[in-house]
Amino acid sequence: MSLQVLIFSLLACVSILGALGVVIARNPVHSAIGLVLSFLNVAAIYLIARAEFLAVVQVIVYAGAVIVLVVFVTMLVHPDDLPEFHGRRPLRIVTGLVLGVALLLEVAAAVLTRSLSGAPGPWTDEAVAAVGGNTQALGQTLYSDYMLAIQLTALLLLAATIGAIVLARPEAVSERVAAARRTLTISLAHPRGLDQPERPPALPRPSDGQVKPAGSGRPIVLARSANEFTEQPAWGEWRTP
Amino acid sequence: MPLRLVAPEWSLLVPPLIVLGTIVLLLAIDAVSERAARKTALPLALVGQLLALVSLATVDWGQGATTFGVSYRADWFALVVSLIALVSGILSVLVSAGYTESGLEPGVGLAEYLALLLFSVFGTMVVGAAGDLIVLLLGLEMSAVAVYALTAFARRRLTSVEGALKYFLLGAFASAILIYGMAWVYGLTGSIVLSDIAHTLRTVVTPGQPLDPALLLALLLLAVGLGFKIAAVPFHMWTPDAYQGAPTPVSAYMSVVPKVAGFAAVARVLVQALQPLSDQWAGLLGILALITMVYGNVVAIAQRDLKRMLGYSAIGHTGYMLAGLAAFTNGLAGDRSVGSVLFYLFAYAFMNIGAFGVIAWLQERGLGTTLDDVAGLAGRAPLAALTMAIFMLSLMGMPPLLGFYAKYYVILALIEAGQLWLAVAIVVMSAVSAFFYLRVVTQMYFQEPGGTWRPVRTPLLGLGLTLMAVATLALGLVSGPILELAQHWPAALT
């Protein structure tokens, strides 16, 4: 067994252990650490396969950005709110396990019995060496053959960004007042279907406060207390007082 | 290997680029002045899409020219998909006009709303013209991502957020499966270019022989991923909640354009790239079609909410379209399968956006979305009731409305392909669907009105509804040219 195979086996084993840790750990932060471990080992495997660019991207994007995101969410979500903490669901666990094992077996069978194999592409070792390495070769291919895909990815990210900003934008007070004053039936798309036979509770009017048109045309609401608006969440379920 | 930089053939890209330009203009105006954006956004979105529609005529689609290597194909199939996407986009913008006309939703950023809607149209056009798997996937994602955000646009309402979240999570899951399937196809054939994949597979697959298990796995993964995108049973779980929760104009839009993108992707991947495996996938699609149409139509009977009912009816219609694809025989000039599906999508755009449009019209007037809310509509607003009746009868498949011709061509394709059992299933399921479509009509004409009625003026929405009603009435009788256009598909896909 050569040294390379030995190192690969080691990295692969640690990576699988890390992935197992993600699933098994009870504490979400431990899961995140397991994920980092797995990602870093996979990055090292990319290095063995001489895919330096992929390895760097794996570290920056996955071990960096994605993990930061995961940790952020873990911090923001109260652990008691996570579904797993509301009693275990054995049926779901068993179903997930069975489906996962079935997919694994399926993939294993497909790998072991396949007779087809991909045709080699134009990037032979010599061609890669001629342009200076894998990273250079990847860059050249991306910005010539896959130009359209690169541009479309940019547009896709733009669309996703616009959507995220629209949804996360805080509501102006005037919007919230207007929405609270409106009877709900006038709202576009008010569901009163089978799933929700009960109408949502009538909204409390913003107290007996008065709405006076000010000089600028913006309504001024006189509220009795500061709690009056904070009791109504910006979006989401209406809490009955 | 030297770097090859080739300038793309810009003239082929004119229609999608016009849509893209409209998006940029919309966002730029909104950034400069919100007041100006509120006034100009709707006309701008309409004019932009109309221009794109007209510019379809500037491209010579018959040649099947490609640009960006072979990533972008300007062929007949791309033309028809772009045509359907743009027409549905225009109709959806008209349906959305209620947002500004009665001024009921103060929080709606109109420019962002329309920009996202156009992004989705753009993505659908890209799917139609995709020449390789990556571009196809990116177009499919763009058409879906914009709609995820649009579904949650009524973010004060819990159902809207819930529908969007289900749609988003299941959509992301489906994309993951789809990408996994694409990776397998790439690994097995060594190419992501659709025509190359077909070429490679033709050399290794012999008809009648059992399939390589790896190839079968790839096919199944692709079918599952695409099944989610078009809401085929058993991958339909997100549909009713998303349709019911989304703002009504968004429901109108997402019942058509993402479905067009999904079916375009199915046609590009299965019919074009995996054509040598047609024996396997045609059978699979046939079974999916049967359970999809039965489930959608039977469950729709139990719904009292119109949007939810239309959600299940959309599942049923997915079943009819899948049946059209299952009629695939050989991909030669006489094969009607994909053409009948394209025509079905075209017809479906008019009648389904129209049905949701009438619901939006009612909501503008202070009514809800249940069956009780349409009670006695004929007495209050005879024209609205008539329009709704036209859409319902057309969705049911009543001759000589557009919906009848759509089903007729699918059934014709099935009979020519010798799949009589699916043709019979479509007829039976149309009869079942009459129950819930006609129930709306009887509610409108034979019940007493209830609820509060708030008269408002919505001229653009009215214009849209009139257009769609007239099209549903008349286009069936003059469907020849569109059908002929759709039947050019073998030149593009084989």
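Naming: A, B, ... by sequence-line order, numbering from 1 per chain. Predicted model only: the values in this text are computed from it and were never measured. These values consider heavy atoms only, across backbone and side chains, with no hydrogens, waters or symmetry-generated copies.
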ask   = If you count heavy-atom pairs under 4.5 Å with chain B, which of A:Gly163, A:Ala137, A:Ala109 comes out on top?
value = A:Gly163

key: Region of A:Ala129 in contact with chain B, defined by heavy-atom distances below 4.5 Å   = neither

inquiry  = Only pairs of heavy atoms separated by less than 4.5 Å count here; which of B:Gly123, B:Ala115, B:Gly69, B:Ala152 has the most with chain A?
reply    = B:Ala152

ask   = Under a 4.5 Å heavy-atom cutoff, which of B:Trp184, B:Tyr72, B:Phe122 has the most pairs with chain A?
value = B:Trp184

note = Answer key: most heavy-atom pairs under 4.5 Å with chain A among B:Pro240, B:Pro213, B:Ser251 is B:Pro213

ask   = When heavy-atom pairs shorter than 4.5 Å are enumerated against chain A, which of B:Asp212, B:Leu27, B:Ile23 gives the highest number?
value = B:Asp212

inquiry  = Which heavy atom of B:Glu364 sits nearest to which heavy atom of B:Arg454, and what is that distance?
reply    = O-NH2, 3.1 Å

ask   = Is chain B contacted by the side chain of A:Val128, its backbone, both, or neither, given a heavy-atom distance below 4.5 Å?
value = neither

ask   = Under a 4.5 Å heavy-atom cut-off, does chain A meet the side chain of B:Tyr180, its backbone, both or neither?
value = side chain

request  = Keeping the roles fixed (side chain from A:Ser38, backbone from A:Ser15), state whether a donor-acceptor pair exists under 3.5 Å.
outcome  = yes

inquiry  = Between B:Leu188 and chain A, with a heavy-atom cut-off of 4.5 Å, which part of the residue counts as in contact: side chain, backbone, both or neither?
reply    = both

task = Starting from the C-alpha separation in whole Å, work towards a yes-or-no answer on side-chain contact (heavy atoms from CB on, under 4.5 Å) for B:Leu371 and B:Leu306.
result = CA-CA 6 Å; B:Leu371 268 177; B:Leu306 288 179; 3.9 Å; yes

key: chain B contacts, top residue of A:Ile165, A:Leu156, A:Thr153, A:Val111 (heavy-atom pairs, under 4.5 Å)   = A:Leu156

message = Need one label for B:Val250: side chain, backbone, both or neither, based on atoms under 4.5 Å from any heavy atom in chain A.
response = neither

query = Near A:Glu52 CD, under 6.0 Å, is it more than 12 heavy atoms from other residues, nucleotides or ligands?
reply = yes

request  = Tell me, for B:Leu362 versus chain A, whether the close heavy atoms (under 4.5 Å) come from the side chain, the backbone, both or neither.
outcome  = neither

Report, one line per pair, each donor and acceptor closer than 3.5 Å where one atom sits in a side chain of residues 131-151 of chain B; sequence neighbours left out.
residue	atom	partner	partner atom	Å
B:Asp132	OD1	B:Ile134	N	3.2
B:Asp132	OD1	B:Val135	N	2.9
B:Asp132	OD2	B:Ser71	OG	3.0
B:Glu141	OE1	B:Ser175	OG	3.4
B:Glu141	OE2	B:Ser175	OG	2.6
B:Glu141	OE2	B:Lys229	NZ	3.2
B:Thr151	OG1	B:Val147	O	2.6

request  = Check for a donor-acceptor pair, side chain of B:Thr248 on one end and backbone N or O of B:Ala360 on the other, with a separation under 3.5 Å.
outcome  = no

task = Pick one of side chain, backbone, both or neither for A:Leu155, based on which atoms fall under 4.5 Å of a heavy atom in chain B.
result = both

inquiry  = For B:Trp361, is there any backbone N or O sitting under 3.5 Å from a side-chain donor or acceptor partner on B:Arg365?
reply    = yes

key: Steps toward side-chain contact (heavy atoms from CB on, under 4.5 Å) verdict (B:Gln303, B:Gln244)   = CA-CA 11 Å; B:Gln303 308 304 320; B:Gln244 189 186 12; over 6 Å; no

